Enquirer: 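Structure in structure tokens, see below.
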Amino acid sequence: MAKFYITCAIDYANSSPHAGTAYEKIGADAIARWKRLQGHDVHFLIGMDEHSINVVKKAEAQGMDPEKYCDVMEPKFTDLWKALHISNDDFIRTTQKRHIASATEFFKRVFAKGDIYKAKYTGLYCIGCEAYLKPGDLVDGKCKNHGTEPQKLEEENWFFRLSKYSQAMVEHIEKHPEFVQPDVRRNEVLNVAKDGLEDISISRSTFKFGIPLTCDPAHVMYVWFDALVNYISGVGFAADEAMFAKWWPADLHVIGKDITRFHCLLWPAMLMSAGVALPKQIWGHGWVHYKGQKMSKSTGHLLDPWDVITPHGADALRYFMLREVAWDRDGDFTWEAFTARYNADLANGLGNLLNRTVSMIHRYCQGVLPGVGEAGTADDELKANLVAAPLDVAALMEKQDLSGALERIWDSVRRADKYVEENAPWSLSKQGKTARLATVLTFLATSLARLSVLLHPFIPATAEKIRAQLGLSGPLVIPAAWEPLPPGHKIGEPAALFPRIEAEKTDPAAEGQPAKGKPKGGGQAKGPEKTK
RNA sequence: AGCGGCGUAGCUCAGCUGGUAGAGCAAGGGACUCAUAAGCCCUCGGUCUCCGGUUCAAAUCCGGACGCCGCUACCA
């Protein structure tokens, strides 16, 4: 069984996770779970990035040590990941001993390679960016990202010879089209590499919260040089050779599109320098916008995942993110779109199909499957659709087309709903056609049983509920040939998976405000618009 | 500014190795009733941003215009 090592970017400890942070974990989790279903030995790593000047400031503001502050922040992340059913195997913090030890050893190797040197640097430093700004970053003398005035600083810093690896990076990216994906990101990165990379400062001496450089303990590692190493320190780099050999190189780094440069250029160059193999693929996903605007920590335009999870459940958020926000591009969360998706797909679609199926089995067969009887209308179409589903989903997942996979699963949901109508079990019952009724109900239950497995990577808690209602237990196995559930199989009790969301009171931020006046039956909602 | 992407039914998008357009949702109508007033069937709905060109034939190729967006080294 092949191994599959997948990571997410570790999150900055200085602010609570928002829906964008969650999106990345949800997507990666779906991939990790799918790989496990396929039989891979999966290691899924996420974590927290702590050695940042911003963490120091936040901590100071609250009168805490940075370490203490991070301890307080940790559950804000881990609690959310638990609630979202993120199946990470490990959670790394860059202040952990294991990471500091690995990062230190890593630095030593790069240093020994002669890729670290000391130089003086003068520039305009933006605290928000934790970076020196270039002329292009300035608008009226202020940072274009933060609107704050940068400080003029002169520092003696240690630099990494990133420039030395420009050519190697270009070659690697060209030789391995899958290395950076999707293509948009790949093209971007390739262009940057072709322009030539510049050496990068990788130490800071203005504060102490960080990993000291072995060559100069007055300096600590620059946050990125430190943070990227988590991917190897998390699997035992320079500590547990067997573990490291088993998992590294990573099969997939999942990151936000904004940090592709670090991951696709700096990180590989660092690895080359240290003589460590490169990850196989880096995937830069897009952004989840909120109400049409980019989410932003500085302006506070954020969607709090709990606002969705608390009233509607983790799977409602997972489903929306995975279905509505394509994994390779930006998407938008609005409460209207969320409600529409939820009701149409989860409540009316999947939820209702399960509910009517389980109810009918109770009503017509006392909750016990009678087994396959007489063949009939649409049996073959239903079977064909559900036998093809796992293969189709596998092909789509191979391309990381997460929303496409869900779309495909829902095609089966619709096919099954149609099968109900085509066979009208209620009529069969009235007419006493029990042999045919037996087949129809068995096929429906079987269809849902199969779908429950395919749904698991995306909405795991719901998949479990479906299985419970269908009376299924045991390990999840991706279904292959059509195998109807056996006669005598006992079904559980029906319960609504996703209660319909009725009113428009979904947006917690809008509560208390005058109703938005969406005319319900007035009929003139969209009339006047079309005038020429 | 340079490089790249996008602009297709009310909405989200597919189609783009050329042959006058598709899906889901939304909207309207219908027959049913197992079900979360859900589901099923039917219908409505598009000058494929605009202007030129190549071609027997272009949403699909080429040129240009307009609009939106991404990247141009340090925020998921």
Side-chain angles (χ1 to χ4, degrees), chain A residues 8-12 14-15 17-25 52 54 126 128-134 136-137 145-146 162 183-185 187-189 191-192 194-195 197-198 200-201 222-224 254-262 265-266 285-288 294-298 302 323-326 329-332 334 336-337 340-341 343-349 351-364 403-404 407 410-411 413-414 416-429 440-441 444 494-502 525-526 529-530:
Chain A
C8 283
I10 51 177
D11 298 304
Y12 271 128
N14 61 14
S15 52
H18 56 268
T21 327
Y23 172 63
E24 177 171 304
K25 310 303 173 296
S52 149
N54 289 321
C126 172
C129 298
E130 289 197 63
Y132 285 98
L133 303 180
K134 309 202 110 195
D137 297 328
N145 292 323
H146 294 86
L162 182 57
D183 282 334
V184 213
R185 306 275 90 82
N187 294 337
E188 273 174 33
V189 170
N191 285 335
V192 174
K194 281 179 176 167
D195 285 348
L197 305 173
E198 289 172 23
I200 179 172
S201 157
Y222 169 55
V223 62
W224 272 107
V254 172
I255 61 165
K257 66 179 186 181
D258 54 315
I259 51 175
T260 45
R261 263 174 204 70
F262 296 108
L265 297 170
L266 174 59
H285 66 250
W287 301 115
V288 184
K294 191 169 154 180
M295 285 199 249
S296 154
K297 291 177 193 167
S298 45
L302 297 168
R323 176 65 185 79
E324 190 85 6
V325 185
R329 63 178 92 164
D330 294 353
D332 192 23
T334 64
E336 293 74 21
R341 271 285 168 218
N343 280 341
D345 296 357
L346 297 177
N348 299 350
N352 187 241
L353 174 65
L354 176 72
N355 197 221
R356 68 198 305 208
T357 298
V358 173
S359 296
M360 285 191 284
I361 294 169
H362 276 285
R363 180 183 285 240
Y364 303 131
S403 53
E407 227 178 314
W410 255 260
D411 183 63
V413 171
R414 278 189 294 273
D417 255 331
K418 193 170 171 167
Y419 181 77
V420 175
E421 306 295 334
E422 288 164 330
N423 290 286
W426 48 93
S427 306
L428 296 173
S429 170
V440 171
L441 295 181
L444 284 170
L497 243 30
F498 298 98
R500 256 181 87 80
I501 300 174
E502 293 302 343
K526 54 181 85 161
E529 296 288 317
K530 258 230 154 130

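Computed from a predicted model, the values in this text were never measured in an experiment. Throughout, a chain's letter reflects where its sequence line sits, starting with A, and its residues are numbered from 1.
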Enquirer: Find the distance A/Trp410:CH2 to B/G39:C1' and express it as a whole number of Å.
Expert: 16 Å
Enquirer: Please tell me which of the listed nucleotides, B/G39, B/G70, B/A73, lies nearest to the side chain of A/Arg185?
Expert: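 Of the options given, the side chain of A/Arg185 lies nearest B/G70.
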Enquirer: To the nearest Å, give me how far apart CG (A/Asp345) and C1' (B/G39) are.
Expert: 14 Å
Enquirer: Using a strict threshold of under 4.0 Å (side-chain N to carboxylate O), is an ion pair present between A/Glu421 and A/Lys418?
Expert: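 Not counted as a salt bridge, because no side-chain N and carboxylate O are separated by less than 4.0 Å.
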Enquirer: What contact category does A/Ala347 fall into here, base, sugar-phosphate, or nothing, at under 4.0 angstrom with non-hydrogen atoms?
Expert: base
Enquirer: Starting at CG of A/Leu346, measure out to CZ of A/Arg341 and round the result to the nearest 0.5 Å.
Expert: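 Those atoms lie 9.5 Å apart.
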Enquirer: Pick the C1' atom in B/U12 and in B/G45, then give their distance to the nearest Å.
Expert: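 It works out to 16 Å between them.
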Enquirer: Using the rule given for side chain to side chain contact (heavy atoms under 4.5 Å, CB included), can you reason through A/Thr21 versus A/Tyr12, listing the C-alpha separation, both sets of side-chain angles and the distance that settles it, and then say yes or no?
Expert: CA-CA 10 Å; A/Thr21 327; A/Tyr12 271 128; over 6 Å; no
Enquirer: Using only side-chain N and O atoms of A/Arg329, determine if any of them is under 4.0 Å from OP1 or OP2 of B/G5.
Expert: no
Enquirer: Name the closest nucleotide to the A/Asn352 side chain, picking from B/C75, B/G39, B/A73.
Expert: B/G39
Enquirer: Could you work out the separation of B/A14 and B/G7 based on their P atoms and round it to a whole Å?
Expert: 7 Å
Enquirer: Under 4.0 Å, heavy atoms only, any strand: does A/Tyr23 hit a base, just the sugar-phosphate, or nothing?
Expert: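 No contact.
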Enquirer: Could you tell me which residues satisfy salt bridge (charged side-chain N to carboxylate O under 4.0 Å, His left out) with A/Asp330, sequence neighbours excluded, listed by chain and number?
Expert: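 Applying salt bridge (charged side-chain N to carboxylate O under 4.0 Å, His left out) to A/Asp330 gives A/Lys257.
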Enquirer: Return the nearest nucleotide to the side chain of A/Asn355; candidates are B/A35, B/A38, B/U12.
Expert: B/A35
Enquirer: Using a heavy-atom cut-off of under 4.0 Å over every strand shown, decide if A/Arg500 touches base, sugar-phosphate, or nothing.
Expert: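 Touches a base.
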Enquirer: Determine the interatomic distance between C1' on B/A31 and the same-named atom on B/C41; round to the nearest Å.
Expert: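 Pairwise C1' distance, B/A31 against B/C41, rounds to 8 Å.
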Enquirer: Pick base, sugar-phosphate or nothing for A/Leu162, based on heavy-atom distances below 4.0 Å to the nucleic acid.
Expert: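 Base contact.
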Enquirer: Remember a base hit wins even if backbone is also touched, and classify A/Lys194 as base, sugar-phosphate or nothing at under 4.0 Å, heavy atoms.
Expert: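 The answer is nothing, as A/Lys194 stays clear of every strand by at least 4.0 Å.
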Enquirer: Checking contacts here: which listed nucleotide (B/C75, B/U36, B/C34) is nearest the side-chain heavy atoms of A/Lys294?
Expert: B/C75
Enquirer: Please compare A/Arg363 and A/Ala344 by the position of their nearest nucleotide in RNA chain B and report the one closer to 5'.
Expert: A/Ala344
Enquirer: Show your working on side chain to side chain contact (heavy atoms under 4.5 Å, CB included) between A/Asp345 and A/Phe498 and close with a plain yes or no.
Expert: CA-CA 10 Å; A/Asp345 296 357; A/Phe498 298 98; over 6 Å; no
Enquirer: State which residue, out of A/Val413, A/Leu497, A/Leu444, fulfils the side-chain contact (heavy atoms from CB on, under 4.5 Å) condition with A/Leu354.
Expert: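 So, applying the side-chain contact (heavy atoms from CB on, under 4.5 Å) to A/Leu354 and each of A/Val413, A/Leu497, A/Leu444, only A/Leu497 qualifies.
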Enquirer: Parallel, tilted or perpendicular: which describes the rings of A/Tyr23 and A/His285, with under 30° parallel and over 60° perpendicular?
Expert: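 Perpendicular.
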Enquirer: Can you tell me how far C1' of B/A35 sits from CH2 of A/Trp426, to the nearest Å?
Expert: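 That distance rounds to 9 Å.
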Enquirer: Quick one: closest heavy-atom pair of A/Met295 and A/Gly20, and the distance?
Expert: CE-N, 3.6 Å
Enquirer: How is A/Arg323 classified with respect to the nucleic acid when contacts are heavy atoms under 4.0 Å: base, sugar-phosphate, or nothing?
Expert: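 It contacts nothing in the nucleic acid.
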Enquirer: Short question: side chain of A/Glu24, backbone of A/Ala9 - any donor-acceptor pair under 3.5 Å?
Expert: yes
Enquirer: Work out how far the P atom of B/G4 is from that of B/C61, and round it to whole angstrom.
Expert: 16 Å
Enquirer: Hey, does the side-chain of A/Glu188 have a donor or acceptor N/O within less than 3.5 Å of a partner on the base of B/G4?
Expert: no
Enquirer: Could you measure between the two C1' atoms, the one in B/G18 and the one in B/C48, and give it in whole Å?
Expert: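 To the nearest whole Å, 14 Å.
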Enquirer: Taking the P atom of each, how far is B/A35 from B/A27, in whole Å?
Expert: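 Taking atom P in both B/A35 and B/A27, they lie 24 Å apart.
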Enquirer: How close or far is atom P of B/C75 from atom CD1 of A/Ile259, stated in whole angstroms?
Expert: 9 Å
Enquirer: Applying a 4.0 Å non-hydrogen cut-off, can you work out what A/Val189 is touching in the nucleic acid: base, sugar-phosphate, or nothing?
Expert: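 The residue A/Val189 makes no contact with any strand.
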Enquirer: Could you check how far CD1 of A/Ile255 sits from P of B/A73, rounded to whole Å?
Expert: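 The distance from CD1 of A/Ile255 to P of B/A73 comes to 17 Å, rounded to the nearest Å.
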Enquirer: How far does the C1' atom of B/C32 sit from the matching atom of B/G24, given to the nearest Å?
Expert: 24 Å
Enquirer: Under the side chain to side chain contact (heavy atoms under 4.5 Å, CB included) rule, what do A/Val420 and A/Met360 come out as? Steps first, then yes or no, please.
Expert: CA-CA 10 Å; A/Val420 175; A/Met360 285 191 284; 4.0 Å; yes
Enquirer: Where each residue is assigned the nucleotide of RNA chain B containing its nearest heavy atom, which of A/Phe262 and A/Asn348 is assigned the position nearer the 5′ end?
Expert: A/Asn348
Enquirer: Between A/Asn355 (side chain only) and A/Gly351 (backbone N and O only), is there a donor and an acceptor less than 3.5 Å apart?
Expert: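 Judged by distance alone, no pair lies under 3.5 Å.
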Enquirer: Tell me, please, which residues at least two apart from A/Lys294 pass salt bridge (charged side-chain N to carboxylate O under 4.0 Å, His left out).
Expert: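 By the salt bridge (charged side-chain N to carboxylate O under 4.0 Å, His left out) rule, A/Lys294 matches no residue at all.
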Enquirer: Counting heavy atoms from C-beta on, name the nucleotide in B/G39, B/U36, B/U33 closest to the side chain of A/Asp417.
Expert: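 The closest nucleotide is B/G39.
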Enquirer: Starting at atom CG of A/Leu354, determine the distance to atom P of B/G39, rounded to an integer number of angstrom.
Expert: 15 Å
Enquirer: Rounded to the nearest 0.5 Å, how far apart are CD of A/Glu422 and CG of A/Asp417?
Expert: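 One finds 10.5 Å between CD of A/Glu422 and CG of A/Asp417.
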Enquirer: Just to be sure I understand the rule, does A/Leu497 reach a base, reach only the sugar-phosphate, or reach nothing, if contact means heavy atoms closer than 4.0 Å?
Expert: base
Enquirer: Residues in side chain to side chain contact (heavy atoms under 4.5 Å, CB included) with A/Arg500, at least two apart?
Expert: A/Asn343, A/Ala347, A/Asn348, A/Glu502
Enquirer: What stems, by residue range, does RNA chain B take part in, given at least 3 consecutive Watson-Crick or G-U pairs under 3.5 Å?
Expert: B:1-7 with B:66-72, B:10-13 with B:22-25, B:27-30 with B:40-43, B:49-53 with B:61-65
Enquirer: Just compare B/U12, B/C13, B/C40 and give me whichever is closest to any side-chain atom of A/Glu324.
Expert: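 For A/Glu324, the side-chain atoms sit closest to B/U12.
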Enquirer: Taking 4.0 Å as the cut-off, does a side-chain nitrogen or oxygen of A/Asn187 come that near to OP1 or OP2 on B/G4?
Expert: no
Enquirer: Applying side chain to side chain contact (heavy atoms under 4.5 Å, CB included) to A/Leu197 and A/Val192, what does each step give before you reach the verdict?
Expert: CA-CA 7 Å; A/Leu197 305 173; A/Val192 174; 4.1 Å; yes
Enquirer: All N/O contacts under 3.5 Å from nucleotides 41-44 of chain B to the protein, with atom names and distances to one decimal?
Expert:
| unit_1 | atom_1 | unit_2 | atom_2 | d |
| --- | --- | --- | --- | --- |
| B/C41 | OP1 | A/Lys418 | NZ | 3.2 |

Enquirer: Please report, rounded to the nearest Å, how far the P atom of B/A73 is from the CG atom of A/Leu197.
Expert: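 Result: 12 Å.
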Enquirer: Can you tell me, in whole Å, how much space there is between the P of B/C69 and that of B/C13?
Expert: 15 Å
Enquirer: Between B/C34, B/A73, B/U36, which nucleotide has the shortest distance from any of its atoms to the side chain of A/Arg261?
Expert: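 Taking heavy atoms from C-beta onward, the closest nucleotide is B/A73.
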Enquirer: Pairs under 3.5 angstrom, nitrogen or oxygen only, protein versus nucleotides 1-3 of chain B, please.
Expert:
| unit_1 | atom_1 | unit_2 | atom_2 | d |
| --- | --- | --- | --- | --- |
| B/C3 | O2' | A/Asn191 | ND2 | 3.4 |

